[in-house]
Structures are given as C-alpha cells and as structure tokens.
Amino acid sequence: MTLPGSSRFQFTADLSVCRILNGMWQVSGAHGAIDPGRAVNEMFAYHDAGFTTWDLADHYGPAEDFIGTFRRQFAARHGAERLKEIQAFTKWVPRPGRMTRRIVEDAIGVSLSRMGVECLDLVQFHWWDYRDKSYLDALKHLGDLQREGKIRHLALTNFDTDRLGIIADQGLRIVSNQVQYSLIDRRPEIRVASFCREHGVTLLAYGALLGGLLSEKYLGRPEPRRPELNTASLQKYKNMIDAWGGWILFQELLAVLKEIADKHQVSISNVGVRYILDRPAVAGVIVGARLGVAQHLSDNARVFGFELDGGDVAVIEGVLAKSRDLMKLIGDCGDEYR
Ligand SMILES: NC(=O)c1ccc[n+]([C@@H]2O[C@H](COP(=O)([O-])OP(=O)(O)OC[C@H]3O[C@@H](n4cnc5c(N)ncnc54)[C@H](OP(=O)(O)O)[C@@H]3O)[C@@H](O)[C@H]2O)c1
C-alpha cells in the first residue's frame, strides 16, 4: 500500500504530514493492554504504508518512549538520514500553577530525552483553567525554548477562540490547534475555524471516529451498555452522542453514512474522516491506533481515494440538523475540559 500525494499536507515550511495522523492515546493503558515490542514493531507498518505522522502527549503512558524506541530501531534499519521521514507531535499538559522557566524547560527536557530527539517537531500546549493566566508565561517560555532550538513549532490543544485571540495579540506564533471535531461535534466550525483561517493556524481534529463508534460495527446495534464500552475513548464519545442527540438519532446518521459509503465503495469511517478533512482550516484528522491490538491501515488508506459530492453532504447535514446545539450545551472548543 502506498498513499497518494493527496494524503500529504505541507503543515509548515519544513514539515510535510500525513493527513491521517496516528493517535497514541490508545497506547496509554486506558484502551486495553499494549505489548511494547509488538506496538513498536507495528509502527513500522504504519510508516511503511505512508502514515508517517504521530500524535502523542507527555501523559499518554509510554507513547513518547515508543517514539524513542521506534526512532532508534528505524535509524538502525534505514540509517539516521531517513529519520526526517518521521513526524512526531507531542503535547505538554502541565498541572495548573506558576509557570517558571525551570518548570517549562524541565518538562520539555523530559520529552526530548524520552523521544530521543534534539528538537521536538511540535509541542501542543494544553491548559486546564483560563482563570489562571500563567498559560501566557508558559507560552512565553516555550517561545524562548523554540528560539534556542529545542522546539521546531508551537501549537495548542483544546483552546477556544477568545484565548486564541489573546495569544495572537501577544505576538506568539502558533501553527495549529488540536480540537475535537467530528460529524457529531462541529463546534469548531462556529468560531475557531474562521479565526484559524484568518491567522494562518490549522486545525488537527480528534474524535472523528468517536473511538470506533462511527463504523459498521455499531450500525443497527442496540445502545451499548457501559461494560461493553471497554476503552476510555468509547466511553468519552458515547457521552458525546448522548449530549448530541442520543442513540436513535445516531443510528439514523450511521444508516445515511452507510448508503454514502456503499455508493463510493468505502466504509462508514472513511466517510466520517473525509467529511472532516474537507472542512476549512483542517490540516489533518488524528485516528487512534491501538498498536499491536487492532489495525485499520488499509481501510483508512481509502479515505484518500474518493470525494464526497454535494448530494452526500446535503443528506448528512439533513440528519445533523436534528441534533442539539453543542455550542450552547458545552461551549466553544475545549470547554468540555474546563
Ligand atoms: N487533545 C486532546 O484532548 C485529545 C483527546 C482525545 C484524543 N486525542 C488524540 O486523538 C487520537 C484519536 O483518539 P480518539 O479517542 O479520538 O479515537 P478515534 O480516532 O475517534 O477512534 C479510534 C478507534 O477507532 C477505531 N478505528 C480506527 N480506524 C477505523 C476504521 N477504519 N474502521 C473502523 N474502526 C476504526 C479503532 O478501534 P479499535 O481499536 O477498537 O479497532 C480505534 O481505536 C488520540 O490517540 C490522541 O492522539 C487528543
């Protein structure tokens, strides 16, 4: 399998990414046991298939260590020169409190050492409480570390439009904001996406597959009970479906997606990812990868082989129009964490 050129996106002048990023929350332990050896082995299959971009975080269990091991094995197999084919985007999610240079530098130092790099491709910064303005201090220190060559690009995750504005006013150059964005959660379209377009910031979307609920596996199925939802991701997005409109409306959506998928000879998941990739400001969709447990590489590759037409989008939007207004219910991007 080789992905077509349309699978790539020039994310920054120096970084081209695969538009489907491999999400590593799924190796954190909250989604079933992961065998480190098998997991790292499987990272080669993703890379060789063209899925060269990884999304991870300091708090996703062994994810940063997996990148470190993968890079070492990759260099041994292919030579260090080819390491530049791998893009690894981590996050820094500090506990709230004072943000001194020492705290920020130490945290970034840990990620550098775990991932085995001299410079982090991307640091996506998360902040839990906007009442504490120390996020601006943290970002200033991150900017200093960037100038010193420890970070290539600065990014955010789960930031809302108002805070994006405050950060832009400080003159801090942010390249992307990672947010929940799916057929059932289109809050980014309301404010964040237009801000991003105006300011040259892209969106990285997560949750597009609702932890796997947006697939044939759940089409026509009775509402799953809690014990069946055996990953943190399935539980998270089942709650989103409940807030959005409930299981009956979700089944209506899956039925419509199935018809569209059949027409294009792809899967329901493919339609869900394609829809988000086509939205303004979206650079990529992060799809969770339970490395060594379950794999959907050849199915996900099909996202790059078809297009949704106007009729498809109209039918989908007909169902989505029946849902509740999540912006009113939850608030802007990331407010679900605050
Ligand atoms: N910034 C944040 O706050 C935040 C929050 C959540 C997630 N994320 C990022 O986003 C990534 C994605 O996580 P997510 O929780 O949103 O999960 P997701 O991508 O919506 O769902 C991932 C699951 O979907 C299933 N799947 C994948 N491809 C499929 C296909 N072609 N057909 C059918 N099922 C398929 C797999 O389930 P099985 O494994 O059961 O087969 C996989 O584990 C995370 O790893 C993380 O990197 C970030």
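In this chain, numbering begins with 1 at the start of the sequence shown. Quick note: numbers below take in every heavy atom, side chains included, and nothing from hydrogens, waters or symmetry partners. Ligands are counted one by one from 1 in listed order, and the atoms in each one are counted from 1 as well.
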Enquirer: For D55, counting its heavy atoms only, list the atoms of ligand 1 lying under 4.0 Å from any of them.
Expert: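 Every atom of ligand 1 under 4.0 Å from some heavy atom of D55: 9 (C), 46 (C), 47 (O).
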Enquirer: Is the closest side-chain heavy-atom distance between S182 and Y275 below 4.5 Å?
Expert: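 Contact flag for S182/Y275 side chains = no.
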Enquirer: What's the shortest distance from atom 40 (O) of ligand 1 to any protein heavy atom, and which residue and atom give it?
Expert: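 I find the closest protein heavy atom is R290 NH2, 2.9 Å.
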Enquirer: In terms of hydrophobic clustering (I, L, V, M, F, W, Y; side-chain heavy atoms under 4.5 Å; direct or indirect links), are V256 and F306 co-clustered?
Expert: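 Per the 4.5 Å side-chain linkage, V256 and F306 are co-clustered.
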Enquirer: If you count the non-hydrogen atoms of other residues, nucleotides and ligands that lie under 6.0 Å from CD in Q265, is the total more than 12?
Expert: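 No.
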Enquirer: When the aromatic ring centroids of F66 and F70 are compared, is their separation below 6.0 Å?
Expert: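 So the answer is no for these two rings.
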Enquirer: Which distance, rounded to the nearest 0.5 Å, do you find between the CG of N300 and the OG of S298?
Expert: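 The distance works out to 8.5 Å.
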Enquirer: Which is closest to atom 14 (P) of ligand 1 in terms of heavy atoms, S233, G288, G212, A63?
Expert: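 Minimum heavy-atom distance to atom 14 (P) of ligand 1 goes to S233.
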Enquirer: Using a strict cut-off of 4.0 Å, indicate which atoms of ligand 1 neighbour a heavy atom of Q178.
Expert: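 Those atoms are 1 (N), 2 (C), 4 (C), 8 (N), 9 (C), 48 (C).
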Enquirer: State if S267 counts as touching ligand 1 under the rule of any non-hydrogen atom under 4.0 Å.
Expert: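 Contact check S267 vs ligand 1: negative.
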Enquirer: Compute both the distance and the angle, then confirm whether R279 meets the cation-pi test with Y181: under 6.0 Å from the six-membered ring centre, within 45 degrees of the axis.
Expert: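 Not satisfied by the 6.0 Å and 45° rule.
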Enquirer: Distance under 4.0 Å to a non-hydrogen atom of L210: what atoms of ligand 1 satisfy this?
Expert: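 Answer, ordered by atom number: 20 (O).
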Enquirer: Taking the six-membered ring for Trp, are H126 and Y337 closer than 6.0 Å centroid to centroid?
Expert: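 Ring-ring flag for H126/Y337: true, centres closer than 6.0 Å.
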Enquirer: For atom 11 (C) of ligand 1, what is the closest protein heavy atom, and at what distance to 0.1 Å?
Expert: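 The answer is I286 CG2, 3.4 Å.
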Enquirer: Tell me, which protein residue and heavy-atom name are nearest atom 33 (C) of ligand 1, and how many Å apart are they?
Expert: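 Minimum-distance protein heavy atom for atom 33 (C) of ligand 1 reads S269 OG, 3.4 Å.
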Enquirer: Does atom NZ of K263 have more than 12 heavy-atom neighbours from other groups under 6.0 Å away?
Expert: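 Counting other residues, nucleotides and ligands, NZ of K263 exceeds 12 neighbours.
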Enquirer: Numbering the atoms of ligand 1 from 1, which are under 4.0 Å from a heavy atom of Y237?
Expert: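 This gives 6 (C), 14 (P), 15 (O), 16 (O) as the contact atoms.
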Enquirer: Test your reading of the structure: does Q26 have an N or O sitting under 3.5 Å from an N or O of ligand 1?
Expert: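 Min N/O separation from ligand 1 is below 3.5 Å for Q26.
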Enquirer: What are the atoms of ligand 1, with element, lying closer than 4.0 Å to any heavy atom of N158?
Expert: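 Per the distance check, 1 (N), 2 (C), 3 (O).
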Enquirer: I need the atoms of ligand 1 closer than 4.0 Å to a non-hydrogen atom of V287, numbered in the order shown.
Expert: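 The list of qualifying atoms is 19 (O), 27 (C), 28 (N).
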Enquirer: So, D160 and R338, do they make that salt bridge, N to O below 4.0 Å?
Expert: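 No, D160 and R338 are not salt-bridged.
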Enquirer: Tell me whether K238 is salt-bridged to E228, with the criterion being a basic N under 4.0 Å from an acidic carboxylate O.
Expert: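 No.
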Enquirer: Tell me, which protein residue and heavy-atom name are nearest atom 6 (C) of ligand 1, and how many Å apart are they?
Expert: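 It is Y206 CD1, 3.4 Å.
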Enquirer: Tell me, which protein residue and heavy-atom name are nearest atom 41 (O) of ligand 1, and how many Å apart are they?
Expert: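 For atom 41 (O) of ligand 1, the nearest protein heavy atom is H296 NE2, 2.6 Å.
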Enquirer: Can you find a non-hydrogen atom of K91 under 4.0 Å from ligand 1?
Expert: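 Under 4.0 Å: yes for K91.
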Enquirer: Quick check: does M24 get an N/O under 3.5 Å from an N/O on ligand 1?
Expert: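 Indeed, backbone or side chain, M24 has an N or O that close.
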Enquirer: How about H264 and N270: does a side-chain donor come under 3.5 Å of a side-chain acceptor?
Expert: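 Per modelled atom types, H264 and N270 side chains form no pair under 3.5 Å.
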Enquirer: Are any of the N or O atoms of A289 closer than 3.5 Å to those of ligand 1?
Expert: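 In this structure, A289 places no N or O atom under 3.5 Å from an N or O of ligand 1.
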Enquirer: Among A205, G211, S298, which one puts a heavy atom closest to atom 23 (C) of ligand 1?
Expert: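 The nearest heavy atom belongs to G211.
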Enquirer: Heavy-atom contacts with T157 under 4.0 Å: which atoms of ligand 1 show up? List them by number with element.
Expert: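 Every atom of ligand 1 under 4.0 Å from some heavy atom of T157: 1 (N), 2 (C).
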Enquirer: Do we see a donor-acceptor contact under 3.5 Å between the side chains of T52 and E85?
Expert: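 Side chains of T52 and E85: no pair found under 3.5 Å.
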Enquirer: Check ligand 1 against G23 and write out every atom of the ligand that is under 4.0 Å from a heavy-atom position of the residue.
Expert: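 Every atom of ligand 1 under 4.0 Å from some heavy atom of G23: 11 (C), 44 (C), 45 (O), 47 (O).
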